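Worksheet for the structure shown next.
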Amino acid sequence: MEEGNFQGNQFKQITVLSLGAGVQSSTMLLMALHGEFIEKPQCAIFADTGCEPREVYQYLNWLELEAKKYDFPILRCNNGNLQDDLLNTIQGKTTRFANPPFYVKTDHGAPSILRRYCTQDYKIDVIIKAIREELIGLRYKQRVPKNVRVTQWFGISTDEITRVKSSRHSWITNQYPLIEKEMTRDDCLAWLKDRGYPLPPKSSCFFCPYHSDKTWRRIKEQLPSEWDQIVELDRKIRNGFSKIRGELYLHRSLQPIDTIDFGEFLKDNSSFENECDGVCGV
Ligand code: SF4
């Protein structure tokens with residue numbers, strides 16, 4: 001925590017980096033370690049849904065080792081395992097249901113999509129809790145002192161500029177260092193390659209309905225363990241939630257995921273721009 005003076009008042013400034021362990025936020029972290037921004041955050045926070053593909057956890061382990069060389073902490077925090085919680089809800093063991101954006105076949109057969117609460121529950125609230133409790137030292141529901149100011153960095157690049165938005169909390173200012181440097185996702189990849197760093201995999205829950213067909217196909221071909229779990233989850237969500245009317249699907253076509261031919265020449269048509277809190281898929 002840095003101390004300073006603002007309009008004659010002492011204040012404490014905390015800057016944190018929201019880490020998703022994907023391309024943009026990992027590049028932002030490494031750039032910060034290299035001193036490529038005017039300031040450097042105190043730490044990075046990774047909100048773990050427990051459902052990233054194995055390759056993302058491997059990359060995160062590598063990032064932690066790299067950050068350690070600069071004496072830079074990465075906090076891993078969680079609010080449970082999203083997949084386990086979904087399966088427990090389906091089995092009636094809990095009523096917790098933080099909707100992922102599942103696709104719904106309505107009574108009329110028309111496609112719809114569930115309002116998304118998973119990002120809030122398993123990512124955003126987890127990061128806010130870590131800032132409040134671990135960085136500021138507050139208890140549950142304790143008010144943030146007026147002299148504490150927090151800046152939260154998000155790894156959004158210029159090709160996803162629609163995801164930029166203001167914080168919902170008056171004591172937090174959102175900042176987008178990659179946008180300020182006018183960097184695209186490809187610029188991030190080029191920066192990593194130039195320095196000989198390994199390239200991050202795509203981060204997001206392995207079953208996220210926002211995946212592009214290209215990503216679904218890659219998981220199916222390259223991550224068999226994750227794919228098996230996707231097929232099973234897709235089958236179990238179909239009529240798994242008593243409060244939801246209509247059949248649920250992971251894929252926008254409203255077809256069982258294991259029956260879909262993802263073809264060969266696919267566009268990267270992901271829907272992550274709908275996740276404008278800026279914490280998933282970066
Ligand atoms: S990656 Fe997808 S399923 Fe996971 S928390 Fe984000 S929106 Fe929800």
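Throughout, numbering of the chain's residues begins at 1 and tracks the sequence. Keep in mind that this is a model prediction, so the values were computed, not measured. All ligand and atom numbering here is 1-based and tracks the order in the structure.
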Option nearest atom 3 (S) of ligand 1 (shortest heavy-atom distance, choices Ala98, Cys205, Gly281): Cys205
Can we say [X] and [Y] salt-bridge, meaning some charged N sits less than 4.0 Å from an Asp/Glu carboxylate O?
X	Y	result
Arg218	Glu55	yes
Asp85	Arg96	yes
Lys123	Glu52	yes

Suppose I only count heavy atoms of [X] and a 4.0 Å limit; which atoms of ligand 1 are within that range?
X	value
Cys118	3 (S), 5 (S), 7 (S), 8 (Fe)
Thr119	6 (Fe), 7 (S)
Ser204	1 (S)
Arg116	7 (S)

side-chain hydrogen bond (donor to acceptor under 3.5 Å, both in side chains) test vs Tyr249 passes for just one of Arg252, Glu247, His251, namely Glu247
Thr151: which of Glu39, Gln13, Gln175 passes side-chain hydrogen bond (donor to acceptor under 3.5 Å, both in side chains): Gln13
Considering residues, nucleotides and ligands other than Lys220, do more than 12 of their heavy atoms fall under 6.0 Å from its NZ? yes
With respect to atom 8 (Fe) of ligand 1, please indicate if Cys208 possesses an N, O or S atom at a distance under 2.8 Å. no
What residue and heavy atom of the protein are closest to atom 6 (Fe) of ligand 1, and at what distance? Cys280 SG, 2.3 Å
